[in-house]
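Everything quoted here is computed from the prediction, not taken from an experiment.
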Amino acid sequence: MSAVRVYCDHAATTPLDPRVRTAMEPFLGDGCGNPSSLHTEGRTARAAVERARAQVAALVGASPDQVVFTSGGTEANNLALTGVLTGAAGRPFRMVTSTIEHPAVLATTRALVRRGAAQVMTAGVNADGVVEVEALRAALLPETRLVSVMAANNVTGVLQPVAEIAAVAHAHGALFHTDAVQAVGKLPLNCERDGFDLLSVSAHKLHGPQGVGALIARADIGLGPVLHGGGQERGLRSGTENVAGIVGFGAAAEIVLRERSDESVRLIAMRDHLADGIRRVLPEAYLIGHPFRRLPGHLCMGFAGLEGESITLLLALDEAGFAVSTGSACSAHRASEPSYVLQAMGFDAFRARGALRITLGRYNTAAEVERLLETLPAIVKRLRPITQRTMRPMGVMA
């Protein structure tokens, strides 16, 4: 295995920014109090939590009182979907989402359906992986209370027309939730401008700590809690706050707000150079998803003749010193199964096993991209069966 590792799996998690670590350190020692305590240590912790709340709110164009801290994006999604239902007070509850949502949304909706608590309709996507707005509009009925569509897909990196969908939802009298875990930190999302009633975000996707996230929720929605206890976080998320994690989340949000534009320009340039370089050497390689409507550092590709061997390709790259992914790290226990996201885009079961996800981030360099360009084609050529070397690309073409 290569001694010098290159991390290219930022869609799974991002390295902790040293500046974030520095902000967290005072709250990792003996002096940190419980934010609910009234003594000096408690008041210090409370002040730090509220400062972080303001930092996170500023990142997404919300007010601090809309920020509910959670353990991460999964809990935020569960609180959004289940909380809206709980607040509906027994009225008929119908929800609309898409076929490519994160498992934290899809598994939650399936659980609600099994309990008989909600009816859920799904809208499909086109071959580029973009949610079809008209199909979603057709799924809306008078009883629809909530529409939930992710801002950017975790597998393909494709951006969704969430502001347009939010307007469609509101026109039908429904609330709109977006799982923005992949998008926040990379796109200038704004709850007020874009019409988001609820937005989920996770710190570890923007160079903050793991184990902390937030649901941004309008105060007048009337959410019901998922966790019950001491009434922290406006009574919506009981439990002593993760002070150090929240402080790190706030610091990460502030850094992103200051540096996002320049970082996005750099990542787009490296991503496009990588994609062009791969296809120049491997003409049978194909881009999966929309050619430019995607996250700045996100590249999802397939390789004709290796569609069923993405895990083998991943392991070979790992051995060569590169950390990449075949899809969502949140579904690692199903890594050998076809990607439901790719199947929703029209891929058959065989080709839906073939995605390689390369996601660049803050600390990747142009030299690392060149090193990957030197390594990946040779591995693909070595792994592809001889009988399949002339197979024509059968994926979603850029």
Side-chain angles (χ1 to χ4, degrees), residues 5-28 48-49 51-62 67 69-76 102 150-152 154 157 159 179-189 199-216 242-271 274 294-299 322-325 328-330 357-369:
R5 301 284 297 169
V6 178
Y7 186 76
C8 300
D9 197 18
H10 290 80
T13 195
T14 56
L16 189 67
D17 191 304
R19 295 168 291 181
V20 172
R21 186 190 303 273
T22 298
M24 294 172 65
E25 284 174 354
F27 300 94
L28 294 170
V49 167
R51 180 172 186 269
R53 198 183 307 278
Q55 290 169 316
V56 172
L59 178 61
V60 295
V67 178
F69 287 118
T70 66
S71 63
T74 292
E75 185 186 341
H102 189 276
M150 62 189 350
N154 48 303
L159 309 183
D179 173 355
V181 166
Q182 290 292 337
V184 168
K186 305 172 185 73
L187 303 177
L189 299 179
L199 178 146
S200 300
V201 59
S202 186
H204 77 103
K205 304 292 190 178
L206 42 91
H207 296 281
Q210 296 177 349
V212 61
L215 176 66
I216 317 300
N242 173 7
V243 178
I246 288 170
V247 167
F249 189 4
E254 187 172 89
I255 292 168
V256 164
L257 192 58
R258 185 171 62 245
E259 301 178 0
R260 178 179 54 212
S261 295
D262 290 342
E263 187 170 293
S264 292
V265 170
R266 188 181 71 90
L267 289 176
I268 289 170
M270 287 200 302
R271 178 202 71 194
L274 179 59
R294 59 177 59 236
L295 293 169
H298 201 297
L299 193 61
F322 296 91
V324 297
S325 175
S328 171
C330 302
R357 187 180 73 175
I358 304 170
T359 47
L360 306 174
R362 183 172 296 166
Y363 302 114
N364 285 125
T365 66
E368 289 176 337
V369 170

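- Taking every heavy atom of both residues into account, Leu59 and Val256 meet most closely at CD1-CG1, 3.6 Å.
- Contact annotation: the side chain of Val201 approaches that of Phe249 to within less than 4.5 Å [non-hydrogen atoms, C-beta and beyond].
- Looking only at distances, no side-chain donor or acceptor of Arg362 sits under 3.5 Å from a matching main-chain atom of Pro15.
- Of the inter-residue distances, the one linking Gln182 atom CD with Arg294 atom CZ reads 12.5 Å to the nearest 0.5 angstrom.
- Residue Lys205 holds its NZ atom at 8.5 Å from OG1 of Thr359, rounded to the nearest 0.5 Å.
- Put simply, the side chain of Thr365 gets close to the backbone of Glu368: a donor and an acceptor are under 3.5 Å apart.
- Residues His298 and Gly157 come closest through the heavy atom pair CE1-N, 3.3 Å.
- To the nearest 0.5 angstrom, Leu206 atom CG is 10.5 Å from Asp17 atom CG.
- With values rounded to the nearest 0.5 angstrom, Gln210 atom CD is found 8.5 Å from Ser202 atom OG.
- Contact record, Val20 with Gly248: CG1-O, 3.4 Å, taken as the closest heavy-atom pair.
- With sequence neighbours excluded, the residues forming a ring pair (Phe, Tyr, Trp, His ring centres under 6.0 Å) with Tyr7 are His10, listed by chain and number.
- Side chain of Glu263 to backbone of Glu259: no donor-acceptor contact under 3.5 angstrom is found.
- The shortest non-hydrogen separation linking Ser200 to Leu215 is OG-CD1, 3.8 Å.
- For the pair Glu254/Arg19, no side-chain contact is recorded, criterion being any heavy-atom separation below 4.5 Å from C-beta on.
- Between the CG atom of Leu274 and the CG atom of Leu267 there is a distance of 12.0 Å, given to the nearest 0.5 Å.
- Between His204 and Pro209, the closest side-chain pair of non-hydrogen atoms is not below 4.5 Å.
- Side-chain contact between Asp179 and Asn154 is absent, with no heavy atoms from C-beta onward closer than 4.5 Å.
- For the pair Ala253 and Gln55, the tightest heavy-atom approach, listed with the atom from each and the gap, is CB-O, 3.8 Å.
- In this structure the side chain of Val212 never reaches within 4.5 angstrom of the side chain of Ser71, judged on heavy atoms.
- Note that OH of Tyr363 is 8.5 Å distant from OG1 of Thr14, once rounded to the nearest 0.5 Å.
- Between Gly208 and Leu16, the shortest heavy-atom distance links the atoms C-CD1, 3.4 Å.
- When side chains are defined from C-beta on, Ile216 counts as touching Val67, because their heavy atoms get closer than 4.5 Å.
- Looking at heavy atoms from C-beta onward, Asn242 lies out of side-chain contact with Phe69 at the 4.5 angstrom threshold.
- A search for side chain to side chain donor-acceptor pair (under 3.5 Å) contacts involving Arg53 returns Glu50, Glu233, not counting sequence neighbours.
- Put simply, the side chain of Val369 does not reach to within 4.5 Å of the side chain of Asn364, judged on heavy atoms.
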